[in-house]
Amino acid sequence: MLVNSSDVIAALITPPGRGGVGIVRLSGSNLEHFFDGLLGFIPTPRYAHYQPFLAADREAMDWGIVLYFPAPDSYTGEHVLELQGHGGPVVMDCLLRRAIELGARQARPGEFSERAFLNGKMDLTQVEAVADLIDAGSEQAARGAIKTLQGQFSRRVTQVLEQLIELRVYVEAAIDFPEEEIDFLSDGKVEAGLLGLNNTLQELLASVSQGALLREGISVVIAGKPNAGKSSLLNALSGLDSAIVTEVPGTTRDVLREQIIIDGMPLHIIDTAGLRATEDVVERKGIERAEDEIKRADQILFLVDASMDFDLSADNTFPQAEAYFRQAENLTFVLNKTDTPGYSSFQAQQSKHPVIEISARTGSGLDELKQHLKKCAGYVSAGEGLFSARRRHISALNETQASIAQALKQLLGAGAGELIAEDLKQAQQMLGTITGDYTSDDLLGEIFSSFCIGK
């Protein structure tokens with residue numbers, strides 16, 4: 001599907017600010033007017049010209065490299081012109097302003113990639129991989145985004161889609177042509193097909209879940225009473241002196257955030273104010289923010305001062321207002337200060353929750369804690385076949401699997417062929433939202449609005 005866009009869009013595609021090189025990109029169906037106004041000649045396709053960039057009075061605004069990519073062999077599938085000049089903000093502003101004077105308009109966030117998608121240059125997973133590659137927080141995440149950009153994820157989805165369509169065609173043909181006497185409800189082919197699809201989707205879901213963890217990671221909140229060593233643990237995990245550490249209880253009044261990488265998976269570590277009853281207005285506000293972060297956390301590390309008397313099965317281990325910690329499934333007790341003379345690990349055996357013993361001061365137990373968090377997230381070290389993925393992909397695959405399960409239930413229960421066909425249709429449409437075969441305008445708007453202007 002080609003976009004009939006007579007308008008030309010323009011944007012700075014390099015980061016704003018000062019740099020050695022800055023690039024202004026134009027894309028549209030007709031660039032001849034811009035060739036004359038900006039260059040004074042028609043550039044040779046895919047050839048680097050070193051030329052002046054012309055102002056309205058035909059004086060040079062700058063000298064740089066001109067690259068012209070005619071449609072359809074360009075990033076957007078339209079004619080594309082790139083002006084690579086000196087990367088000063090004034091120079092780049094002059095170039096962009098001149099392009100707009102000549103009739104271009106400022107590109108919306110992600111509009112270049114949106115046109116690439118609409119012109120069939122990339123599917124939706126590849127477009128998203130462009131943003132993921134730019135935002136990659138680790139080498140493994142970048143490699144995963146490259147694999148998706150190259151189409152590995154799309155090919156896996158397409159293979160499942162082909163299986164699904166083949167089965168749907170068989171079912172609907174049997175319904176539409178009953179004279180062929182195909183007893184598809186009892187010949188075993190449909191049941192085998194549905195079970196095969198379910199297994200394939202399960203395998204794909206496992207890969208996608210790993211890809212989402214590779215891209216997004218998990219949020220880990222450090223909670224506990226004042227002076228348990230929460231800020232020391234944040235500093236020890238991040239390797240930075242991000243948080244102030246003192247002997248005074250209640251030093252942390254606000255939420256502090258750091259990110260670390262474990263085998264390619266990002267961990268978003270959040271240090272919070274100590275949980276206790278207080279009359280201090282500022283500290284109480286910090287505790288409220290801590291409680292909000294705890295409710296949103298993927299994993300909670302409840303820090304306990306092992307140098308003090310504690311009992312992990314007793315109420316007095318917890319702040320009274322946070323007794324729900326005892327029932328939280330995503331809770332891990334972290335016994336800090338285990339380097340204290342006379343410490344015994346006997347009490348650590350009294351908890352039904354996982355317990356990790358550490359010393360934030362010496363670093364003892366930190367590797368075990370990191371591996372525990374990786375295990376809690378269900379993450380395995382990035383392999384060769386791992387690609388980047390998003391939460392919407394997981395949701396779409398789950399809904400596809402649910403439709404397949406419903407079709408199997410209809411087959412084994414009521415045996416209503418029309419209902420099975422409808423479930424397969426719903427599964428196909430949901431699976432198609434991943435690559436963009438079936439995609440609402442609202443979803444496209446949400447995806448592309450998260451891009452930077454120049455992509």
Side-chain angles (χ1 to χ4, degrees), residues 15 109-110 112-114 116-117 122-158 160 201-221 237-238 257-270 293 296-299 330 370-401 430-431 433-436 439 443-452 454-455:
F112 291 108
S113 295
E114 180 182 10
F117 166 70
M122 294 185 284
D123 65 30
L124 204 52
T125 61
Q126 291 173 300
V127 168
E128 291 170 310
V130 172
D132 293 345
L133 183 58
I134 293 171
D135 295 333
S138 69
E139 180 181 350
Q140 289 90 337
R143 289 184 178 183
I146 283 290
K147 292 180 188 298
T148 300
L149 185 56
Q150 292 173 333
Q152 289 192 18
F153 182 24
S154 302
R155 284 192 289 273
R156 291 280 299 277
V157 173
T158 300
V160 179
L201 284 167
Q202 195 64 40
E203 293 173 2
L204 186 54
L205 263 169
S207 295
V208 168
S209 298
Q210 291 296 304
L213 282 172
L214 188 69
R215 175 182 176 269
E216 301 172 6
I218 62 171
S219 63
V220 180
V221 169
L237 288 172
S238 66
R257 304 174 190 272
E258 287 293 346
Q259 177 174 301
I260 66 171
I261 305 293
I262 300 178
D263 293 340
M265 182 185 74
L267 283 183
H268 308 284
I269 309 295
I270 304 166
E293 293 293 340
R296 292 193 292 263
D298 294 313
Q299 290 294 322
N330 59 342
K370 292 177 182 179
Q371 293 306 312
H372 171 73
L373 289 172
K374 194 171 73 167
K375 181 180 177 181
C376 289
Y379 181 74
V380 294
S381 298
E384 289 297 320
L386 200 61
F387 41 73
S388 69
R390 297 189 171 201
R391 296 294 173 183
R392 79 168 190 90
H393 302 148
I394 296 176
S395 177
L397 288 172
N398 279 326
E399 292 191 41
T400 302
Q401 196 172 36
M430 185 52 62
L431 199 58
T433 64
I434 295 177
T435 56
T439 308
L443 176 60
L444 292 180
E446 180 181 343
I447 290 172
F448 289 113
S449 66
S450 66
F451 279 51
C452 55
K455 292 307 290 185

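Throughout, numbering of the chain's residues begins at 1 and tracks the sequence. The basis for the numbers below is simple: all heavy atoms, side chains too, and nothing from hydrogens, waters or symmetry mates.
- Between the side chain of Q126 and the main chain of D123, a donor-acceptor pair closer than 3.5 Å is present.
- A donor-acceptor pair is defined here as one N or O able to donate and one able to accept, closer than 3.5 Å; no such pair exists between the side chain of E216 and the backbone of P266.
- For the residue pair L149 and A129, the shortest heavy atom distance occurs at N-CB, 3.6 Å.
- Residues T148 and S388 bring a donor and an acceptor atom of their side chains to less than 3.5 Å of each other.
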TODO: Start with the C-alpha distance between S154 and T125, add both sets of side-chain angles, then the distance that settles side chain to side chain donor-acceptor pair (under 3.5 Å), and finish with yes or no.
DONE: CA-CA 7 Å; S154 302; T125 61; 2.6 Å; yes
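- Inter-residue side-chain proximity for L431 and L397 is flagged as met; some heavy-atom pair is nearer than 4.5 Å.
- Taking CG of D132 as the start and CD1 of I146 as the end, the distance is 11.0 Å to the nearest 0.5 Å.
- Atom CD1 in I269 sits 10.5 Å away from atom CD in Q299 (nearest 0.5 Å).
- Between R155 atom CZ and T435 atom OG1 the span is 13.0 Å, to the nearest 0.5 Å.
- Residues Y379 and L373 are not in side-chain contact: their nearest non-hydrogen atoms beyond the backbone lie 4.5 Å or more apart.
- Closest approach of F387 and S207 over heavy atoms only: CZ-CB, 4.1 Å.
- For the pair M122/V130, a side-chain contact is recorded, criterion being any heavy-atom separation below 4.5 Å from C-beta on.
- Contact of the R257 side chain with the H268 side chain is not registered, since no non-hydrogen atoms from C-beta on lie closer than 4.5 Å.
- Residue L267 holds its CG atom at 4.5 Å from CD1 of I260, rounded to the nearest 0.5 Å.
- Using a 4.5 Å cut-off on side-chain heavy atoms (C-beta onward), C376 and N330 make no contact.
- Ionic pairing of K370 and D263 is not present here: no N-O contact between side-chain nitrogen and carboxylate oxygen is shorter than 4.0 angstrom.
- Put simply, the side chain of V208 reaches to within 4.5 Å of the side chain of F153, judged on heavy atoms.
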Task: Verdict with reasoning, R296 to S219, per side chain to side chain contact (heavy atoms under 4.5 Å, CB included) - done: CA-CA 8 Å; R296 292 193 292 263; S219 63; 5.9 Å; no
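- Interatomic distance, OG1 of T400 versus CD1 of I434, reported as 6.0 Å (0.5 Å rounding).
- How far CD1 of I262 is from CG of L213: 11.5 Å, rounded to the nearest 0.5 Å.
- At a threshold of 4.5 Å between non-hydrogen side-chain atoms, the residues L237 and E258 do not count as touching.
- Salt bridge status for E128 with R215: absent, with no side-chain N to carboxylate O gap under 4.0 Å.
- Panel note: side chain S395, backbone R391; no donor-acceptor pair is recorded below 3.5 Å.
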